[in-house]
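Data first, discussion second: the structure below is written as structure tokens.
Sequence lines set the chain letters: A, B, ... in the order given, protein chains first and strands last, and positions in each chain run from 1.
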Amino acid sequence: MKKTPLAIAIAALAFSGGAAAESVSATTTVASTCAFSNTSQGTLVVSGTNVTTDAGNKPTTTVTQNDPAGFDLTVGTATPTFPGSLTMATKNIDVVKTSGSNPVFGSTANEGDVETLQNVGSDVFDFDFTATLSDSAIAGTYTIASEMTCVAAGG
Amino acid sequence: MIRLIIFLLAFLGAPAWGHSISPSQLKAIFVNGKAMVSFEASNVLGHASEFEVEIYADNKIEKPYPGKFTAKPSRFWLQNDSARTVRVTIEDDERISKRLWVCTASVPPADGAALITRVCSHVKFYRMRRPDV
């Protein structure tokens, strides 16, 4: 007999269609993304044994990401391509952050530096090359290729 | 109101410009000694650009993966505002740790102060345990 009120309550809930417990939700997942944009190649100035980036036309790029601490930014090794048997005797590469939302690399970065992008948003970087040749410059095409990589952090 | 929602959704999604790959985290299982991953490379740089697929064994992107892999395509052009699927097959190798990084790198012009930009996704591997005989 004591079970009767409980049975009535359960039946009432069933007939009510459980309306009191109904809820609607909508979810989605935003993909974690890192992208480079506004990348421009620069020009080099060669004089004697010195090779530098043209101050008025430095390589530049913008990195944008939407996942706090989801990506690391690395500065890769610079690779020269010079005419004849010329090689790079010395080199220095400064990567300068000119604006952005992450306090990465301090004022400048160098080859091999890695930093985690803690903040969502965009950061703009300029590349400044200074190198010396193994001998005086000869006629030909001079290239110094530098690298910047946005790497998904390993879980 | 609808315009505001569309604007917010666009803002929350992938960046509307640049070159990138998606997803950033991949999982793969070795079956019969091979594992396959696929990702989408996109180009919204504002101009056509050439890209190359690379695999690295470390997150500093200093050690190219020493084992065998094939990427289809391995080097490709993307028109502006376009994307394509890239499939990478990696052969099982004891030198593989449990993770690798697959990347697309821009191919810069061949003169001047060139800049290569690269975006890498993390791949975590799982191995099927062989049944005891």
Side-chain angles (χ1 to χ4, degrees), chain A residues 28-45 51-54 57-67 70-72 74-79 81 93 95 112-114 122 125-129 140-155, chain B residues 8-27 39-47 49 51 54 56-62 80 83 97-125:
Chain A
T28 187
T29 302
V30 175
S32 174
T33 306
C34 182
F36 284 99
S37 63
N38 299 330
T39 302
S40 64
Q41 312 297 327
T43 52
L44 293 174
V45 176
V51 181
T52 57
T53 42
D54 183 344
N57 188 24
K58 295 178 181 177
T60 182
T61 192
T62 301
V63 59
T64 304
Q65 59 90 23
N66 65 354
D67 189 358
F71 293 94
D72 294 335
T74 73
V75 177
T77 304
T79 307
T81 306
I93 297 169
V95 181
D113 284 356
V114 181
S122 298
F125 297 94
D126 280 356
F127 287 69
D128 202 355
F129 304 152
T141 300
Y142 291 75
T143 303
I144 298 178
S146 192
E147 301 177 3
M148 180 169 266
T149 305
C150 191
V151 186
Chain B
L8 289 174
L9 286 173
F11 182 76
L12 286 170
W17 30 261
H19 87 83
S20 64
I21 63 176
S22 182
S24 63
Q25 299 289 336
L26 296 158
K27 292 179 180 175
F39 57 86
E40 188 172 79
S42 63
N43 173 24
V44 201
L45 288 166
H47 52 80
S49 192
F51 300 95
E54 302 170 335
Y56 289 88
D58 68 321
N59 65 347
K60 287 188 172 182
I61 314 302
E62 291 175 339
N80 181 45
S97 59
K98 290 183 177 175
R99 56 185 63 185
L100 289 174
W101 280 262
V102 293
C103 313
T104 57
S106 62
V107 178
D111 64 328
L115 182 56
I116 298 166
T117 56
R118 183 186 290 112
V119 185
C120 303
S121 292
H122 171 241
V123 187
K124 192 169 184 180
F125 290 99

Give, as side chain, backbone, both or neither, the part of [X] having an atom under 4.5 angstrom from any heavy atom of chain B.
X: A:Val151; answer: both
X: A:Ser146; answer: both
X: A:Thr60; answer: backbone
X: A:Thr53; answer: side chain

- Worked check of disulfide bond (SG atoms under 2.5 Å apart) between B:Cys103 and B:Cys120: CA-CA 4 Å; B:Cys103 313; B:Cys120 303; 2.2 Å; yes
- Task: Please look at B:Ile61 and chain A and tell me whether the side chain, the backbone, both or neither of the residue comes under 4.5 angstrom of a heavy atom of that chain.
- Result: side chain
- Atom group of B:Thr117 that falls short of 4.5 Å from chain A, counting heavy atoms: both
- Task: With sequence neighbours excluded, tell me which residues meet side-chain contact (heavy atoms from CB on, under 4.5 Å) with B:Lys27.
- Result: B:Tyr126
- Message: Testing the 3.5 Å rule here: is there a donor-acceptor pair between the side chains of A:Thr143 and A:Thr81?
- Response: no
- Message: Tell me which of these, B:Val123, B:Asn59, B:Ile21, has more heavy-atom pairs under 4.5 Å with chain A than the rest.
- Response: B:Asn59
- Item | Over all atoms of both residues, closest heavy-atom pair of A:Gln65 and A:Phe71 | OE1-CD1, 3.8 Å
- Task: Answer yes or no: is there a side-chain heavy-atom contact under 4.5 Å between B:Val102 and B:Leu26?
- Result: yes
- Are any of the side-chain heavy atoms of B:Gln25 and B:Lys124 separated by less than 4.5 Å? no
